[in-house]
Protein chains: 2
Amino acid sequence: MTFVPASRSTVATDLDSQTLRVIRAIADRGSITAAAASLGYSQPAISQSIKRLEDKLGMPVLTRVARGVELTEAGEVLARHAATVLRAIDSAADELADLAGLRSGLVRIAAFPSASSTVVPRLLGDITGRHPGVRFSYLEAEPPEAVQAVRDHAADIALTFSYPGDPDDPHRASASGLVTLPLWREQMLLVVPDAPGLGDGAIELASLADSGWIAGCPRCRGHLVELCEASGFTPALGYETDNVQAVLAMVAAGLGVALMPSLALATTPLPAGVTTRPPTAADYRTVHLVTAQGSAAVPAIGATIAAIQSLDAAAWGLETQSR
Amino acid sequence: MTFVPASRSTVATDLDSQTLRVIRAIADRGSITAAAASLGYSQPAISQSIKRLEDKLGMPVLTRVARGVELTEAGEVLARHAATVLRAIDSAADELADLAGLRSGLVRIAAFPSASSTVVPRLLGDITGRHPGVRFSYLEAEPPEAVQAVRDHAADIALTFSYPGDPDDPHRASASGLVTLPLWREQMLLVVPDAPGLGDGAIELASLADSGWIAGCPRCRGHLVELCEASGFTPALGYETDNVQAVLAMVAAGLGVALMPSLALATTPLPAGVTTRPPTAADYRTVHLVTAQGSAAVPAIGATIAAIQSLDAAAWGLETQSR
DNA sequence: CCCTGACATAAGAGATGGTTATGCTTACGT
DNA sequence: ACGTAAGCATAACCATCTCTTATGTCAGGG
């Protein structure tokens, strides 16, 4: 028999981190038995693991020595690089732990305009107060665009609203892996001039059949028309504007009346001579949360969704949905 | 049902490099299918691998998107660190390949003095000529110490000699995981003054019974005494020295005769008036290679052993062992 | 509106990697 | 010098992991 130098063609296509961990433990402890103990394995497990490694490499990694074991040059190489590998893995694990522990993470929110000055600031305040590492980006967008942003992965969470029977109801568009959660019922209020004989109760919608109407966003206008027609008249739409302040000013100026969601009215003081009343047949729209299927499993996003659900929204006239 | 933020207590105790490789492939290719193809796996293999990872982390790593897949923040974290990990693993693999390819590696050799100026320099020249990356360290030591060096892992290869029936024959001491390989038979020569009536053939040992004898190392002396006693006389040991030049000078000065191995005589010219002759009953000692069990699997060491075995040693009067 | 491309799921097979039990070798203490 | 203890290797067995093939589902494009 003659000794022939080992010469494998391919060397170590896959060094897995488990093996490196073992090498490192052996390098540190100086014996297989001690390494096994420190890693929580039995001694043969480590022994076999090293054997597999040596078979794969085609060269020894350890030399069996009196009181334990000693690394060969190949073993030293592995131990040296193992430090780098394990350090990188640990720091990855740390970053993941930060994400899981809400010490980092970005949540991209899209919401309709009247939420921008009400629920959204409160929400962001709540979360950054509790989890300073979580960061947000915010996009103001009407429901159709907000939902599209989620669909395009440009946003993680969209806050939207829908009117009853709305064909654009996000509930219906939940096809492409989107999830919709009803959040609140938002009361619609009539905005009218404060006439002396108005009383303080609800107003019959039909009593405003002869008034001029100031309409808001396209979908809002659609809803208004539908509602009025259900009451037997077609509203005379004189002005259209998204601007809440403008609507109120127009009502104050006697240019007409309006139907507005309570959120839109929450942050602007009513001008003198203008008041709000519910219609006799109470009218509501619904605020929804739309998110991609599975997004809630991302810790920061899940936490944000939970925080939205537990927001105390009554102050803005929002009623939590019974579901 | 209410969404609850994901919050695992322990995160990712073990991220194995296989998973990181997968993440990296997905990050690069943008789809699971493409990643699978590039890694040589089936599509479901990667799909399941990601699922396992996500279950372990407790958060998604990918979002399923129209034409393929997209990394989440967690995925980005992993992809980023995966680069570091895989780079380290690759460079470890490179270094191992260097060891396997004899482009690096250290071989520690211990050998007896007369090898130092004969076979060892030739050997080192041969190997560094063919494999410039392989480095050597050399320790000159008498057989017992050389073997001890191997046993202590202070040397990888020992060259030793033994006399027939030698109680210290390394063959016998092969207990502690050492391996002994007979290499050459080395002829023992009588070193005598060049007397006129000497002839040119072998010399009967008994004819030197009355000469003074110059002895070498302790084991050589032991062998000499044994050999002479087998010839019916006890040699008169006048001088003892390890120094070949000294022995030759003493013989030249007429102080006695000596029995020396051919290697020791190979590199020193004989002084005038001194000649060498084999004893009538040819006498040999054996040169061995001693190495630790399994050392030969270390590429550089295995290559060195092979090179020793294929050394053309006839020039020094060494005969390759029949085995 | 069907067809294609891409991911998920299911079920089964084989490799992987672990455990316990046991043997062997070597060092150490008396 | 011998018995004992410490440490590695091996065997046999077993659970789990992970890959494969086959199939289902969903969204986008001609």
Side-chain angles (χ1 to χ4, degrees), chain A residues 13-22 25-26 29-56 60-72 75 147-148 150-153 173-179 292-294 297, chain B residues 14-22 25-26 29-56 60-72 75 148 150-153 173-179 292-294 297:
Chain A
T13 169
D14 58 335
L15 287 170
D16 82 304
S17 53
Q18 176 62 14
T19 305
L20 294 177
R21 230 173 267 280
V22 168
I26 292 178
R29 316 287 164 133
S31 95
I32 289 184
T33 301
S38 85
L39 294 173
Y41 291 120
S42 65
Q43 170 263 315
I46 306 302
S47 195
Q48 295 172 89
S49 154
I50 292 295
K51 181 163 175 40
R52 282 193 300 273
L53 173 64
E54 292 182 333
D55 287 350
K56 195 160 62 185
V61 163
L62 308 173
T63 59
R64 282 62 181 173
V65 77
R67 222 59 181 178
V69 100
E70 191 171 276
L71 298 182
T72 63
V147 169
Q148 191 55 41
V150 171
R151 186 169 281 128
D152 296 346
H153 289 85
S174 70
S176 61
L178 297 189
V179 166
Q293 182 79 276
Chain B
D14 57 334
L15 288 170
D16 81 304
S17 53
Q18 177 61 16
T19 305
L20 294 177
R21 228 173 270 279
V22 168
I26 292 178
R29 315 286 165 137
S31 95
I32 288 182
T33 302
S38 86
L39 294 174
Y41 291 119
S42 66
Q43 170 264 315
I46 306 303
S47 194
Q48 293 172 71
S49 153
I50 292 295
K51 181 161 175 43
R52 282 192 299 273
L53 173 64
E54 292 182 333
D55 287 350
K56 194 161 61 184
V61 163
L62 309 172
T63 59
R64 282 64 181 173
V65 78
R67 223 59 181 177
V69 100
E70 192 171 274
L71 296 182
T72 63
Q148 190 56 40
V150 171
R151 186 169 281 129
D152 296 346
H153 289 85
S174 70
S176 59
L178 297 189
V179 166
Q293 182 79 272

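Just so it is clear, the structure is predicted and the values come from calculations on it, not from any experiment.
- Nearest heavy-atom pair across Gln293(B) and Val179(B) is OE1-CG2, 3.4 Å.
- If you check every strand for non-hydrogen atoms under 4.0 Å, Ser42(B) touches a base.
- DNA chain D is contacted by both Gly30(A) and Gln48(B); Gly30(A) maps to the nucleotide lying nearer its 5′ end (nearest heavy atom per residue).
- Rounded to whole Å, atom C1' of dT9(C) lies 16 Å from atom CD1 of Ile50(B).
- Here the P atom of nucleotide dG17(C) and the CG atom of Leu39(A) are 15 Å apart, to the nearest Å.
- Note: CD (Gln43(A)) to P (dA21(C)) measures 14 Å, nearest angstrom.
- In this structure, Ile46(A) places its CD1 atom 20 Å from P of dA6(D), rounding to the nearest Å.
- Separating the CD1 atom of Ile26(A) from the C1' atom of dC8(D) is a distance of 11 Å, rounded to the nearest angstrom.
- Checked by atom type and distance alone, the side chain of Ser17(A) pairs as donor or acceptor with a backbone atom of Leu15(B) at under 3.5 Å.
- The listed nucleotides are dT10(D), dC19(D), dT19(C); the one nearest the side chain of Tyr41(B) is dC19(D).
- Minimum atom distance to the side chain of Arg64(B) is reached by dA8(C), of the listed dA8(C), dT20(D), dT19(C).
- Between Arg29(A) atom CZ and dG7(D) atom P there is a gap of 14 Å when expressed in whole angstrom units.
- What separates CD of Gln293(A) from C1' of dC7(C) is a distance of 14 Å, to the nearest Å.
- At the phosphate of dA8(C), OP1 or OP2 sits under 4.0 Å from a side-chain N or O atom of Ser47(B).
- Of the candidates dT18(D), dC7(C), dT20(C), the closest approach to any side-chain atom of Arg52(B) belongs to dT18(D).
- Contact detail for Arg64(A) and His153(B): the closest heavy-atom pair is O-CE1, 4.0 Å.
- An OP1 or OP2 oxygen of dA6(D) is reached within less than 4.0 angstrom by no side-chain nitrogen or oxygen of Ser31(A).
- Nearest heavy-atom pair, Gly68(A) versus Ser31(A), reported as atom, atom and distance to 0.1 Å: CA-CB, 4.1 Å.
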message = If you apply the rule side chain to side chain contact (heavy atoms under 4.5 Å, CB included), what do you find for Leu178(A) with Arg151(A), and how did you get there?
response = CA-CA 7 Å; Leu178(A) 297 189; Arg151(A) 186 169 281 128; 3.7 Å; yes
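- Picking from dT10(D), dA22(D), dC19(D) the nucleotide with the shortest atom distance to the side chain of Pro44(B) gives dA22(D).
- For Ser49(A) and dG18(C), the shortest distance from a side-chain N or O to OP1 or OP2 is not below 4.0 Å.
- Atom CD in Gln18(A) sits roughly 17 Å away from atom P in dT16(D) (whole-Å rounding).
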